Structure formats: structure tokens, C-alpha cells
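Okay, so here's the structure we're looking at.
Note that this is a predicted model, so its numbers are computed, not measured. In what follows, chains are A, B, ... by sequence order, proteins preceding strands, each numbered from 1.
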Amino acid sequence: DQQVKQNSPSLSVQEGRISILNCDYTNSMFDYFLWYKKYPAEGPTFLISISSIKDKNEDGRFTVFLNKSAKHLSLHIVPSQPGDSAVYFCAASVGNFGNEKLTFGTGTRLTIIP
Amino acid sequence: DTGVSQDPRHKITKRGQNVTFRCDPISEHNRLYWYRQTLGQGPEFLTYFQNEAQLEKSRLLSDRFSAERPKGSFSTLEIQRTEQGDSAMYLCASSRITGVGRELFFGEGSRLTVL
């Protein structure tokens with residue numbers, strides 16, 4: 001049962017344009033959402049997060065939007081740069097006794113075209 | 001380097017052999033997690049420790065897998081009688097109990113190839 005879904009395995013975007021990565025979840029208990037970025041042969045690196053009490057969080061070129069009623073979140077990267085080419089994972093957790101166990105999606109490979 | 005450190009980075013073994021991976025978390029972090037990632041999938045939770053106590057194990061963690069964190073610092077993940085299906089990237093992550101965010105900090109992983 002895939003509780004966190006990333007339905008687009010890959011995405012190609014022109015350099016300088018906006019990249020939009022999408023994520024859907026099914027578990028209504030999730031109350032914290034994160035995006036991780038992964039380069040080949042490296043571990044995932046934390047990018048940005050959002051609590052369920054918010055609907056938007058922004059950090060530089062990265063903005064995460066959360067639509068709780070639709071159980072959907074998205075990551076916007078603008079402007080996209082070649083160094084953004086990586087696999088992006090959406091993850092979610094439940095604030096249960098402070099255990100931050102993360103449930104991950106299957107990832108979206110983003111390719112930025114120069 | 002103050003990040004999460006994993007060793008070895010890559011292990012090739014024959015089916016039936018035992019392997020052990022080590023993880024050194026960020027020093028002030030008291031939570032330590034093990035995840036497994038296979039090709040085309042996201043990381044999947046295996047187990048986690050708070051200090052030296054192992055608090056949760058996934059059903060993915062069969063009897064052939066054992067994890068320890070003897071002094072609440074580094075952790076080891078042992079796989080006995082390896083099978084080809086164990087081939088994966090084994091990721092360790094750590095976090096603090098207190099803090100604003102709930103992000104986990106991952107190491108670079110230990111890639112296991114079972115021939």
C-alpha cells in the first residue's frame with residue numbers, strides 16, 4: 001500500500017523555467033511533509049518541509065504548497081538551474097510520540113535542459 | 001566532517017555470506033534510523049533507535065536482519081545468510097528529539113550487491 005505517491009517518474013524542464021513536482025498521499029494522519037533531493041551514489045539531502053498547519057513554505061528558489069483537502073503537495077523550483085537535476089523524493093510523517101519515521105514516495109527524476 | 005557516516009560504501013558478497021554495515025550518526029543526534037532503497041523505489045523504513053533502545057522494526061526486517069546501537073552512539077546492521085533479494089542501498093539517518101523540524105539527515109549509504 002503506497003501511502004505517498006509520485007506519479008511522474010521523470011520530468012524535463014528548460015533552464016530558467018519553473019519546475020513543478022507533485023506528490024499525493026492517502027494517510028490523513030500525516031501532518032508533516034518533506035522534500036528530499038538525491039544525486040546518484042549519495043544519500044538523500046533534505047530540501048524543504050511544511051507542517052500541516054500551513055499551506056505554503058518558501059525557501060529561496062524552492063516553494064512547497066500543501067492542499068490538505070486534496071491530500072496533495074507540490075514543489076516549485078524557480079528558476080530551474082542545471083544543478084537541480086536530481087531525483088526528488090516526497091516524504092511524510094505522523095507526529096506520534098516524536099517519532100519522525102518518514103514514508104517516502106518513489107521519486108521523480110528532474111532533468112534541467114541547458 | 002560532522003555528517004552521518006556509513007561504512008563500507010559498497011559491499012559485494014556471495015549468497016549465503018554474512019555482512020555488517022556501520023553507521024556513525026551526527027554526534028548530538030539521539031535518534032538513528034535504517035532505511036533500505038532498491039532500484040526505482042524510495043527509501044523504505046527498516047528500524048529506528050532512540051539512544052540504545054530499538055523502538056520499532058518494520059516487517060521488512062526479517063529474522064536474518066539484526067540492528068544494534070550498543071552505547072547509543074554508532075549502530076550496526078547485520079544481514080545473515082544473504083540472498084540476492086537483499087541487494088539494495090542501505091541508508092542510515094539520524095535526528096534530534098527536539099527541534100523545529102522533523103527532517104532526517106542521511107548518510108551516503110552502503111550499497112550491497114549479493115551475487
Side-chain angles (χ1 to χ4, degrees), chain A residues 1-10 21 23-25 27 29-54 57 59 62 64 75 86-109, chain B residues 1 3-10 21 23-26 29-51 53-61 88-111:
Chain A
D1 174 30
Q2 192 75 27
Q3 297 185 65
V4 178
K5 301 177 184 178
Q6 293 177 258
N7 293 319
S8 299
S10 62
L21 295 92
C23 177
D24 297 291
Y25 61 96
N27 187 346
M29 297 295 291
F30 287 143
D31 63 348
Y32 198 77
F33 304 89
L34 309 90
W35 285 93
Y36 278 80
K37 176 180 177 179
K38 187 180 184 303
Y39 293 116
E42 294 185 8
T45 302
F46 170 71
L47 197 57
I48 192 170
S49 62
I50 188 167
S51 165
S52 61
I53 62 174
K54 296 184 176 182
N57 188 27
D59 183 3
F62 303 92
V64 56
L75 174 68
V87 177
Y88 289 78
F89 290 99
C90 172
S93 70
V94 178
N96 186 18
F97 304 112
N99 173 13
E100 296 89 13
K101 180 180 74 175
L102 300 181
T103 301
F104 284 85
T106 53
T108 297
R109 180 177 301 278
Chain B
D1 183 23
V4 177
S5 176
Q6 293 189 243
D7 184 72
R9 292 290 309 279
H10 197 170
F21 300 114
C23 172
D24 288 90
I26 295 171
H29 287 185
N30 44 20
R31 291 201 181 124
L32 186 149
Y33 299 77
W34 285 99
Y35 280 77
R36 179 178 74 182
Q37 185 178 16
T38 53
L39 199 62
Q41 299 297 314
E44 297 173 293
F45 170 78
L46 292 179
T47 187
Y48 99 99
F49 294 82
Q50 183 163 305
N51 300 315
Q54 187 174 18
L55 297 187
E56 186 175 346
K57 294 196 290 187
S58 161
R59 63 180 182 274
L60 293 175
L61 216 62
M89 175 76 85
Y90 290 86
L91 294 162
C92 177
S94 67
S95 71
R96 283 179 290 215
I97 286 182
T98 58
V100 175
R102 293 196 218 152
E103 62 267 28
L104 304 187
F105 296 85
F106 283 87
E108 294 186 319
S110 293
R111 179 168 295 284

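- Contact annotation for A/Leu34: only side-chain heavy atoms (C-beta onward) come within less than 4.5 Å of a heavy atom of chain B.
- With a threshold of 4.5 angstrom between heavy atoms, B/Leu91 approaches chain A through side-chain atoms but not through N, CA, C or O.
- The CD atom of B/Glu108 sits 11.5 Å away from the CG atom of B/Asp7 when rounded to the nearest 0.5 Å.
- In this structure, B/Gln50 CD and B/Arg31 CZ are separated by 4.5 Å, a value rounded to the nearest 0.5 Å.
- For A/Tyr36, the ring-ring contact (aromatic ring centres under 6.0 Å, His included) criterion is met by A/Phe46, A/Phe104, B/Phe106, not counting sequence neighbours.
- Residue B/Gln6: no heavy atom, backbone or side chain, is found under 4.5 Å from chain A.
- With a 4.5 Å cut-off on non-hydrogen atoms, B/Arg111 does not touch chain A at all.
- Evaluation of the salt bridge (Lys or Arg N to Asp or Glu O under 4.0 Å) rule for B/Asp24 yields B/Arg22 as partners, not counting sequence neighbours.
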